[in-house]
Amino acid sequence: MRYVQEDDKVVLTDFSDFDITETLECGQCFRFDKTDEDEFVVIAVNKVIYIKQYGMERVEFYPCTVSEFENIWIKYFDLDRDYIKIKEILSEDDSIMKEAIEFASGIRILNQEPYECLISFIISQNNRIPMIKKVIENISREYGNDLRGGYYSFPAAEVLNRVSEEELMKCKTGFRAKYIKDAVEKLSSGEILIENLKDMETDELRRELLNIHGVGPKVADCTMLFSMGKGEVFPIDVWVRRVMQYFYFNDEEVSMKKIHTFADEKWGEYAGFAQQYLFHYARIKQIGKK
DNA sequence: ATCCAGGATCTCC
DNA sequence: GGAGATCATGGA
């Protein structure tokens with residue numbers, strides 16, 4: 001990996017296993033817009049950044065400085081991880097996983113902000129991805145800070161804690177408004193210290209997140225995988241359930257516990273990565289849907 | 001119109 | 001401890 005400053009851009013070259021379109025559109029994050037072919041704008045960490053990719057030759061990040069790139073975006077886009085090794089291990093003696101990986105081999109598991117990620121996946125329950133994006137956008141526009149260009153930061157827990165359930169509903173949160181309220185209350189009161197959570201052991205962290213009303217296994221697991229560096233966590237949603245049953249359980253109904261045990265034994269510390277390749281593959285190809 | 005969406009909760013047994 | 005209904009909202 002090599003990167004240099006060119007005007008207001010940081011230009012990345014000599015990289016592999018990174019595709020901005022696959023990474024953003026594989027369902028792990030919601031605050032981005034496509035601005036052109038292989039070009040996106042991402043809103044994160046109080047910043048608006050554009051990313052344009054030219055094949056496997058060149059990726060431009062702008063506006064951006066080398067120090068911002070090193071301090072924020074390398075970690076955010078998980079660019080310092082060896083995906084070649086992960087893909088080798090996951091593909092070994094598994095032609096299904098091999099195909100899912102080859103289908104979108106440029107996916108990186110982002111390291112998002114824990115608080116925004118948690119609220120985003122609370123909103124995601126029983127919802128569609130375009131609608132999830134709209135709701136998060138509504139909340140940000142209404143209560144976040146203006147970052148210019150029509151983009152707004154996601155409001156802090158202390159800010160949303162002062163917003164009534166009825167006001168939140170106007171952002172189209174639906175029945176999830178009371179769940180968001182419980183989360184921001186526990187976070188802003190200090191009952192849950194979100195920034196300390198990623199240092200906790202996975203099982204204990206999971207139990208902590210499950211104490212929030214409206215956070216179940218799936219939302220907790222997505223939060224841990226996509227924002228707390230817990231790469232061994234295997235979130236199971238309708239698509240992952242379908243694809244797992246279809247490919248690994250002879251298309252039979254199996255319990256969540258059974259799928260978790262299987263994933264843990266088969267993929268271990270890389271189960272979360274396996275999950276994301278499978279989820280994206282299944283959703284695009286509509287695997288297992290009747 | 002009816003069903004369903006990156007689920008979780010509540011109720012009832 | 002598992003099955004079934006319910007929850008807002010909008011698109012197919």
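A quick note: this is a predicted structure, and the numbers were derived from the prediction, not measured. Labels below follow one simple rule: chain letters A, B, ... track the order of the sequence lines, proteins then strands, and each chain is numbered from 1.
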Return the 5'-most residue of the pair A:Leu210, A:Arg283 with respect to DNA chain B, ranking by each residue's nearest nucleotide.
A:Arg283
NZ of A:Lys218 versus P of B:dA5: gap in Å, rounded?
13 Å
Protein-nucleotide distance (A:Lys133, atom NZ; B:dG6, atom P), rounded to Å
13 Å
Expected string for nucleotides 4-12 of chain C under the B/S/- scheme (protein heavy atoms, under 4.0 Å, primed atoms plus P, OP1, OP2 as sugar-phosphate) is ---BBSBB-
Rounded interatomic separation in angstrom, taking NZ from A:Lys257 and P from C:dG2:
9 Å
What is the distance, rounded to the nearest whole Å, between atom CG of A:Asp182 and atom P of B:dA8?
14 Å
Which whole number of Å gives the distance between the P atom of B:dC3 and that of C:dC7?
16 Å
Whole-angstrom distance between C:dG10 and B:dA1, as gauged at atom C1':
14 Å
When rounded to the nearest Å, what value does the distance between P atoms of B:dC10 and C:dA8 take?
13 Å
Less than 5.5 Å between centroids and less than 30° between ring planes, does A:Trp239 satisfy that with B:dG6?
no
At 4.0 Å (heavy atoms only), tell me whether A:Pro130 reaches a base, stays on the sugar-phosphate, or touches nothing.
nothing
Write down the distance between CG (A:Leu209) and C1' (B:dA8), rounded to a whole number of angstrom.
15 Å
Tell me yes or no: between the side chains of A:Asn71 and A:Tyr76, is some donor less than 3.5 Å from an acceptor?
no
Students often get this wrong, so: under 4.0 angstrom with heavy atoms, is A:Val135 touching a base, only sugar-phosphate, or nothing?
nothing
Using a 4.0 Å heavy-atom cut-off across all strands, classify A:Gly27 as base, sugar-phosphate, or nothing.
base
Sidechain N-carboxylate O distance under 4.0 Å for A:Glu269, A:Lys230:
no
For the pair made of NE2 in A:His213 and C1' in B:dA8, what is the distance, rounded to whole Å?
8 Å
Can you label the angle between the A:Phe40 ring and the A:Phe32 ring as parallel, tilted or perpendicular, going by 30° and 60°?
perpendicular
Please state the P separation for the pair C:dG2 and B:dG6 - nearest whole angstrom.
26 Å
Check step by step if side chain to side chain donor-acceptor pair (under 3.5 Å) holds for A:Glu137 and A:Tyr152.
CA-CA 8 Å; A:Glu137 211 177 296; A:Tyr152 295 81; over 6 Å; no
Pair partner, B:dA1 [Watson-Crick or wobble, under 3.5 Å]:
none
Between C:dG1 (P) and A:Met256 (CE): distance, integer Å
14 Å
Let's go through A:Glu39 and A:Thr35 carefully: what are the C-alpha distance in whole Å and the side-chain angles of both, what is the deciding distance for side chain to side chain donor-acceptor pair (under 3.5 Å) to 0.1 Å, and is it a yes or a no?
CA-CA 6 Å; A:Glu39 183 184 73; A:Thr35 49; 2.9 Å; yes
A:Asp78 and A:Arg108 ion-paired at < 4.0 Å:
no
Rounded to whole angstroms, how far apart are OH on A:Tyr281 and P on B:dG6?
19 Å
Side-chain donor-acceptor contact under 3.5 Å, A:Ser227 with A:Glu113
no
Using the closest heavy atom to pick a nucleotide of DNA chain B for each, name whichever of A:Ser124 or A:Gly214 lands nearer the 5' end.
A:Ser124
Touch class at under 4.0 angstrom, heavy-atom based, for A:Phe30 against every strand present
nothing
When you get a sec, tell me which of B:dC10, B:dG6, B:dA5 is the closest nucleotide to the side chain of A:Arg242?
B:dA5
Apply side chain to side chain donor-acceptor pair (under 3.5 Å) to A:Tyr248 and A:Asp94, showing your working.
CA-CA 10 Å; A:Tyr248 297 106; A:Asp94 188 340; 2.9 Å; yes
